[in-house]
Chemist: 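I have a structure here, written as structure tokens, and I will follow up with some questions on it.
Chain naming here is simple, since letters A, B, ... match the order of the sequence lines and numbering starts at 1 in each. Please read all numbers here as calculations on a predicted model, not as lab measurements.
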2 protein chains.
Amino acid sequence: MRKLDENWFTEVAAEAGSAFSLRLTAAGRIHEERTPYQLIEVYETEHFGRLLTIDGFVMLTERDNFLYHEMMSHPALYTHPAPRRVLIIGGGDCGTLREVLRHPEVESARQVEIDERVTRVSERFFPQLCEANSDPRAHLEFGDGIRFVKEAPAAGFDVIIVDSTDPIGPAAGLFSQAFYADCLRALDANGILVAQSESPLLHQKLLLSMHTALRGAGFLDIAVLNFPQPVYPSGWWSATMACKDAPLTGFREEDAREKPFPTRYYNAGIHTASMAAPEFLYQALAGTGPA
Amino acid sequence: MRKLDENWFTEVAAEAGSAFSLRLTAAGRIHEERTPYQLIEVYETEHFGRLLTIDGFVMLTERDNFLYHEMMSHPALYTHPAPRRVLIIGGGDCGTLREVLRHPEVESARQVEIDERVTRVSERFFPQLCEANSDPRAHLEFGDGIRFVKEAPAAGFDVIIVDSTDPIGPAAGLFSQAFYADCLRALDANGILVAQSESPLLHQKLLLSMHTALRGAGFLDIAVLNFPQPVYPSGWWSATMACKDAPLTGFREEDAREKPFPTRYYNAGIHTASMAAPEFLYQALAGTGPA
């Protein structure tokens with residue numbers, strides 16, 4: 001049993017009694033700032049490249065953020081028949097936005113992040129994630145995503161991506177039935193919502209409550225996308241995808257097979273595979289409403 | 001950034017510059033013994049139940065070992081048309097053996113573990129993993145698995161499961177082409193080999209070298225099974241499955257759907273899903289031989 005010295009960044013997942021650590025280079029912490037919303041820090045790690053944290057929680061590393069960002073965008077965009085108008089709530093590091101804009105069908109990607117500093121820090125320390133920020137289809141706004149959706153015109157978006165932090169602090173409202181109901185209204189008939197939904201192993205209760213809230217808000221069909229995310233607690237993460245009127249079986253598989261852009265994790269096979277429910281989750285979700 | 005006190009067990013994955021920790025209860029370490037082969041320890045953790053380590057590396061916890069044990073057994077057994085004779089190399093904690101013996105078709109499951117103490121410690125501290133040890137179909141032997149396979153009669157097994165520790169120390173030979181060639185000989189015509197193959201993210205080189213060695217040994221078809229395993233480095237693990245003469249497409253899906261035993265992770269959908277190759281792995285494996 002060894003103890004880690006001060007050359008490590010450690011995040012404790014108190015609810016799981018587990019911790020994950022990354023070894024830092026001699027540079028250590030290369031940025032730190034307290035915004036009106038949160039504490040943003042950037043570290044240089046030995047094997048995972050740069051690390052972005054908010055309030056001490058890992059947001060992303062250079063090495064493995066492709067898993068999360070690809071799975072937050074491509075499954076939803078290849079399920080919608082014609083995703084032209086995309087809204088991202090949160091997503092300040094701009095990695096999801098970059099993936100969204102790889103789809104040539106997308107005419108407009110609007111991002112509403114509450115803390116402009118997250119985006120500015122990303123532009124400075126994670127420029128590769130922000131390389132699509134200057135795309136003319138990208139519209140970056142900084143403000144309250146919950147209010148934005150509440151005030152958005154009806155049926156104005158094809159896909160809404162909730163790329164939020166954990167359901168505590170400023171992001172808590174992004175997991176509520178009232179917010180989902182506003183999203184439903186803001187989505188067009190074939191509209192799809194996808195939201196990060198924590199670890200299937202550690203946060204099953206949250207997953208179930210999201211299902212209940214999405215059904216309560218009126219979404220027709222719901223699916224959990226499973227994917228590995230080594231730097232998040234348990235290394236196993238999920239996104240929950242829900243559709244307004246069309247069932248989630250509309251995967252444009254041919255298009256995904258011939259996607260005109262490179263990916264590192266996502267492909268058509270992974271798309272389908274990510275929706276397979278582990279037995280324990282299948283049984284737990286069976287209790288949340290009609291299949 | 002916080003430091004962990006002495007109430008945590010920590011495993012460092014030096015090659016990844018990462019570490020994983022579990023918080024211990026007041027009981028802390030409840031067993032420790034040095035065998036001729038290795039150091040075996042058992043801890044009581046706060047949220048993951050009991051923890052078994054060998055030489056300081058996490059082997060399993062009560063909470064999440066079902067992922068690994070189910071994926072090391074059921075995909076191979078539901079791919080073989082009639083798995084009657086199973087050989088397990090390693091597997092001293094007996095969790096894989098228990099899963100194998102859930103299949104009524106299995107007539108004999110022989111396990112060859114080099115260190116009898118691993119099994120004795122498991123019987124004492126993880127009795128639920130050992131509940132099939134007294135099954136009359138179970139044959140526990142303690143000795144060198146490499147020599148056992150070399151001296152085994154030809155075509156004597158339907159499925160061989162290599163449930164080993166990492167490819168260092170006593171287990172290194174279990175990742176060699178010579179060992180795989182002996183396995184091939186010991187397998188019947190429809191025979192299937194499955195071996196734990198580390199993290200797709202962190203140990204891609206090992207995965208590729210296993211592919212090359214399996215092809216070199218004469219295996220016809222190879223597939224990687226991906227699954228989450230929170231307590232192993234990166235939280236993302238794999239098994240590599242290879243077949244002697246029949247292609248790996250022979251999944252008995254109907255049988256898996258109607259499996260006469262409970263599981264917590266594995267089901268027919270997960271079986272198929274686990275074989276989907278992430279784009280980076282698909283591209284890397286394309287270089288190791290004919291598809």
Chemist: In terms of heavy-atom pairs under 4.5 Å with chain B, which of A/Pro278, A/Ala276, A/Ser274 leads?
Modeler: A/Pro278
Chemist: For the CE atom of B/Met72 and the CD1 atom of B/Ile161, what is their distance to the nearest 0.5 Å?
Modeler: 6.5 Å
Chemist: Within residues 252-263 of chain A, which residues come under 4.5 Å of chain B, heavy atom to heavy atom?
Modeler: A/Lys259, A/Thr263
Chemist: Is the distance from the ring center of A/His271 to that of A/Phe251 below 6.0 Å?
Modeler: yes
Chemist: Of all of B/Arg63, B/His47, B/Met275, which one pairs up most often with chain A through heavy atoms under 4.5 Å apart?
Modeler: B/His47
Chemist: Salt-bridged, A/Glu279 to B/Arg264, with N to O below 4.0 Å?
Modeler: no
Chemist: Please determine, among A/Ala273, A/Ser18, A/Ala13, the option with the most heavy-atom pairs under 4.5 Å with chain B.
Modeler: A/Ser18
Chemist: Do A/Phe9 and A/Leu51 have side chains that approach each other closer than 4.5 Å (heavy atoms only, starting at C-beta)?
Modeler: yes
Chemist: So which of A/Ser199, A/Pro200, A/Ala16, A/Gly269 has the biggest tally of heavy-atom pairs under 4.5 Å with chain B?
Modeler: A/Ala16
Chemist: Does the side chain of B/Asp163 pick up a donor-acceptor pair with the side chain of B/Gln196 at under 3.5 Å?
Modeler: no
Chemist: For B/Phe48, which atoms come within 4.5 Å of any heavy atom of chain A: side chain, backbone, both, or neither?
Modeler: side chain
Chemist: So which bits of residues 231-240 of chain A come within less than 4.5 Å of chain B, counting non-hydrogen atoms only?
Modeler: A/Ser234, A/Gly235, A/Trp236
Chemist: Between A/Glu33 and A/Arg117 (salt bridge meaning N to carboxylate O under 4.0 Å), is one present in this structure?
Modeler: yes
Chemist: Can you tell me how far CD1 of A/Ile222 sits from CG of A/Leu285, rounded to the nearest 0.5 angstrom?
Modeler: 8.5 Å
Chemist: Roughly how far, to the nearest 0.5 Å, is the OH atom of B/Tyr37 from the OG1 atom of B/Thr165?
Modeler: 12.5 Å
Chemist: B/Ala268 versus chain A, heavy atoms under 4.5 Å apart: side chain, backbone, both or neither?
Modeler: neither
Chemist: What part of A/Ala277 gets within 4.5 angstrom of chain B, counting heavy atoms only: side chain, backbone, both, or neither?
Modeler: backbone
Chemist: What part of B/Phe227 lies closer than 4.5 angstrom to a heavy atom of chain A: side chain, backbone, both or neither?
Modeler: neither
Chemist: Can you tell which of A/Leu201, A/Thr53, A/Thr272 has the highest number of heavy-atom pairs within less than 4.5 Å of chain B?
Modeler: A/Leu201
Chemist: Do A/Arg29 and A/Glu41 meet the salt-bridge criterion of a basic N to acidic O distance under 4.0 Å?
Modeler: yes
Chemist: If you take all heavy atoms of A/Leu225 and A/Pro75, which pair is closest and at what distance?
Modeler: CD1-CB, 3.7 Å
Chemist: Under a plain distance cut-off of 3.5 Å, with no hydrogens placed, do A/His69 and A/Asp93 share a side-chain donor-acceptor pair?
Modeler: yes
Chemist: Kindly compute the distance separating CD1 (A/Ile192) from CG (A/Leu248), expressed to the nearest 0.5 Å.
Modeler: 6.0 Å
Chemist: Less than 4.5 Å apart, side chain to side chain, heavy atoms only: is that true for A/Phe57 and A/Leu52?
Modeler: no
Chemist: Is it the case that A/Glu198 and A/Gln204 place a side-chain donor and acceptor less than 3.5 Å from each other?
Modeler: no
Chemist: Is chain B contacted by the side chain of A/Leu67, its backbone, both, or neither, given a heavy-atom distance below 4.5 Å?
Modeler: side chain
Chemist: Which atoms of A/Tyr266 are under 4.5 Å from chain B, going by heavy atoms: the side chain, the backbone, both sets, or neither?
Modeler: backbone
Chemist: Using a 4.5 Å cut-off on heavy atoms from C-beta on, say whether the side chain of B/Gln229 contacts that of B/Met71.
Modeler: no
Chemist: If I measure from the heavy atoms of chain B, does A/Glu15 come under 4.5 Å with its side chain, its backbone, both, or neither?
Modeler: backbone
